Each structure stands twice: as C-alpha cells, then as structure tokens.
Amino acid sequence: MEKIRIILAGPRGKMGMEALNLIYQTEHFELQAAIDRKNGGKLISSIEGLPPIDAPIYEDAEQCFKEIDADVLLDLTTPEVGRIHTELALKYNIRPVVGTTGFNEQELKELAKEAEEKGIGVIIAPNFAIGAVLMMKFAQMAAKYFPDVEIIEQHHDQKLDAPSGTAIKTAELISRVRQEKQQGHPNEKETLQGARGAIFNGMRIHSVRLPGLVAHQEVLFGGNGQILTIRHDSLHRSSFMSGVKLAIEKVMNLNVLVYGLENIIE
Ligand SMILES: NC(=O)C1=CN([C@@H]2O[C@H](COP(=O)(O)OP(=O)(O)OC[C@H]3O[C@@H](n4cnc5c(N)ncnc54)[C@H](OP(=O)(O)O)[C@@H]3O)[C@@H](O)[C@H]2O)C=CC1
Ligand SMILES: O=C(O)C1=N[C@H](C(=O)O)C[C@H](O)C1
C-alpha cells in the first residue's frame, strides 16, 4: 500500500497525542510535519511524551504547507484555528481531515464550495467513534416514530464548544425525518434563563461539562407511556482512532467535502 503523507495540527492535544500514536503504529501512514503553537523548529521526537518520529514542528501553518509535501492534513485543534488550517490546506492542495468541532453551518457551506471548486477531498467528522455514528443513525431511525426528542451531551470541562459537534450533527440527522413539532407545554416559561437548553429546529440540546467525563450522549425520545433512550459513551480517546484512520484513507479518493463519518462507513 502506498504511504499516506500526513501533517498533524495539534500534536500536544488530547486527541493529537492519540493520533500521533496511531500514525506511528500504522505502516502506511507517515508523519511529514506537525503544526503547533509551541516548539517551532523542534522535532516531534524531541518532545517528552511524544512518539519517536523525526518530523519537524512548524508554528506557521502556511509555511508548513508551502515547504512540506503531504497528502493529508489532520486537524485536531480549536474551532477558529481549524477553520484557518482547513482553508490553507485546500490552498496548497492538501486534503483536510478535520476532527475539530465548532464549525457553523455557514463555514461548512463555504468550505464545501472551496473543496468542490478545487476538486479536493475534505472530511469533517464531528465524531470519529463508530459507536457514536451508530447512535446518531439509530436516533435518526427512532425520530421517524418519536417526534418528541431531547439530546443530552456530556463532556469533560476543558471542551471549548457547546453544544458538541456530535449533538448538532444528531439534531441535523433527526431534522431530516422528524415531523415539525412544538415540544413541551405551549405556555412554558423559563424562570432561570437556559433551563430548557439550546434549541435546534424545535429540539432541545443540553450540555453538561464536568471533570471526569470524556464524551457521552443520550438521545431521549418520549411517547405515550414510554421513553426510548439511545446512549453512547466514549470512555477513552482511543475510541476515535479507527474512525480517524478510515477518514485518512477515504479522503484520498474524494473530490468533495464530506460532513460526517456516516457518509463513508460501509
Ligand atoms: N471528531 C471527533 O471524534 C473528536 C473531536 N474532538 C475535537 O477535536 C478538537 C481537539 O480536541 P482535544 O484534543 O480534546 O483538545 P485539546 O485542547 O487537548 O487540544 C487542542 C490542541 O490544539 C492546540 N492548538 C491551539 N491553537 C493552535 C494553533 N494555532 N496551532 C496548532 N495547534 C494549536 C492546543 O495547544 P495549547 O495546548 O497550547 O492550547 C492543543 O494542544 C476539539 O475541537 C474537539 O472538540 C475531540 C474528540 C473527538
Ligand atoms: O471535545 C471533545 O472531547 C469531543 N468533541 C466532539 C464533539 O464536539 O462532538 C466529539 C466527541 O464528542 C468528543
């Protein structure tokens, strides 16, 4: 199998470190460089706790894309930075695989347009865990029969975006099949602002942030005399890595933007 040459943005992060190990252990993956906001000019192998890969670290993403020959950018950073990296990678004909969450609808549309114009594959996956993708698909199936639904997502307290990318993606998938419905009592009033959560097409999304959590989501459906709960738990970030691997392989044969791993798993 031909090697896939990768640039990783965010190598010191929780996901970035897990991804570095994946790249190191995968024979047909090769780390060409990393983009970080620290340690510019050093090698990944010289940073304590990171695997012994002799790939250079760049603090300037554009310089990295200019100087390094790569097939794929894997971005695991923050919403603002991830957006800039994705655009820059497209400019330099490098295929972005983006795990970073927090992109809004407009940003996704613009990136899809840029990818299509350049004919370069992009994968933006709000959740790389196969169990989470199935949870979203099962929730979409259930929503056809249960239009009353609330989403409760729970994450570690270092998470920057709320609601999570997974919760938004779940609500989007459900919206495609759910009949429009005003949920709850028509005269409902919040006596404390935010008590009923965020609203996405009439559905409520509740975000919990606590130390000790990793990434968890429940989709609750209510019907006459019954509740259906669909739940997924990521207990460790290794849960995301088979999806990261698949996305890196699949993006090589795409020429448009794909949003969500459910569109590429067989
Ligand atoms: N799609 C999926 O399945 C998953 C997606 N995520 C998403 O992935 C992203 C990363 O998550 P996580 O690893 O937990 O977060 P972390 O905060 O642990 O890691 C983010 C890393 O990005 C670095 N960073 C910030 N700015 C820059 C920059 N300008 N250039 C390069 N690196 C930069 C941070 O550096 P510093 O430490 O200096 O701030 C940090 O090391 C988040 O958006 C999260 O929501 C997370 C899990 C699964
Ligand atoms: O920040 C995280 O941790 C996670 N982010 C993604 C999201 O926003 O859905 C995926 C997963 O939930 C972990």
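The structure presented is a predicted model; accordingly, all values stated were derived computationally and were not measured. Whatever order the structure lists them in is the order used to number ligands and atoms, beginning at 1.
The shortest contact between atom 3 (O) of ligand 2 and any protein heavy atom is with His156 NE2, 2.9 Å. For atom 1 (N) of ligand 1, the closest non-hydrogen atom on the protein side is Ala125 O, 2.8 Å. For atom 15 (O) of ligand 1, the closest non-hydrogen atom on the protein side is Lys14 NZ, 3.9 Å. What sits closest to atom 9 (O) of ligand 2 on the protein, heavy atoms only, is Thr166 OG1, 2.4 Å. The protein heavy-atom contact nearest to atom 6 (N) of ligand 1 is Gly99 O, 3.7 Å. The single protein non-hydrogen atom nearest to atom 46 (C) of ligand 1 is Met15 CG, 3.5 Å, given as residue, atom name and distance. The shortest contact between atom 25 (C) of ligand 1 and any protein heavy atom is with Arg37 NE, 3.8 Å. Looking only at protein heavy atoms, the nearest one to atom 1 (O) of ligand 2 is Lys159 NZ, 2.8 Å. In terms of protein heavy atoms, atom 32 (N) of ligand 1 is closest to Thr77 CG2, 3.7 Å. At the top of the distance list for atom 45 (O) of ligand 1, counting protein heavy atoms only, stands Thr101 OG1, 2.6 Å. The single protein non-hydrogen atom nearest to atom 19 (O) of ligand 1 is Gly13 CA, 3.3 Å, given as residue, atom name and distance. Of the protein's heavy atoms, His155 NE2, 2.6 Å lies nearest to atom 12 (O) of ligand 2. Among protein heavy atoms, the minimum distance from atom 10 (C) of ligand 2 is reached at Pro126 O, 3.2 Å.
For Lys159, every heavy-atom contact with ligand 1 shorter than 4.0 Å involves the side chain, none the backbone. Contact annotation for Val81 and ligand 1: only side-chain heavy atoms (C-beta onward) come within less than 4.0 Å of the ligand. Here Phe128 has heavy atoms under 4.0 Å from ligand 1 in both its backbone and its side chain.
With no hydrogens or angles considered, no side-chain donor-acceptor pair links His85 and Glu87 at under 3.5 Å. Ser238 and Glu18 are not linked by any side-chain donor-acceptor pair at a separation below 3.5 angstrom, with hydrogens and angles left out of the test.
Under a cutoff of 6.0 Å and an axis angle of 45°, Lys66 and Tyr92 do not form a cation-pi pair.
Under a 3.5 Å cut-off, the side chain of Lys118 and the backbone N or O of Lys91 do form a donor-acceptor pair.
Ligand 2 has no nitrogen or oxygen under 3.5 angstrom from a nitrogen or oxygen of Arg237. Of the N or O atoms in Val214, none lie within a sub-3.5 Å distance of an N or O in ligand 2.
The shortest heavy-atom distance from Pro126 to ligand 1 is under 4.0 Å.
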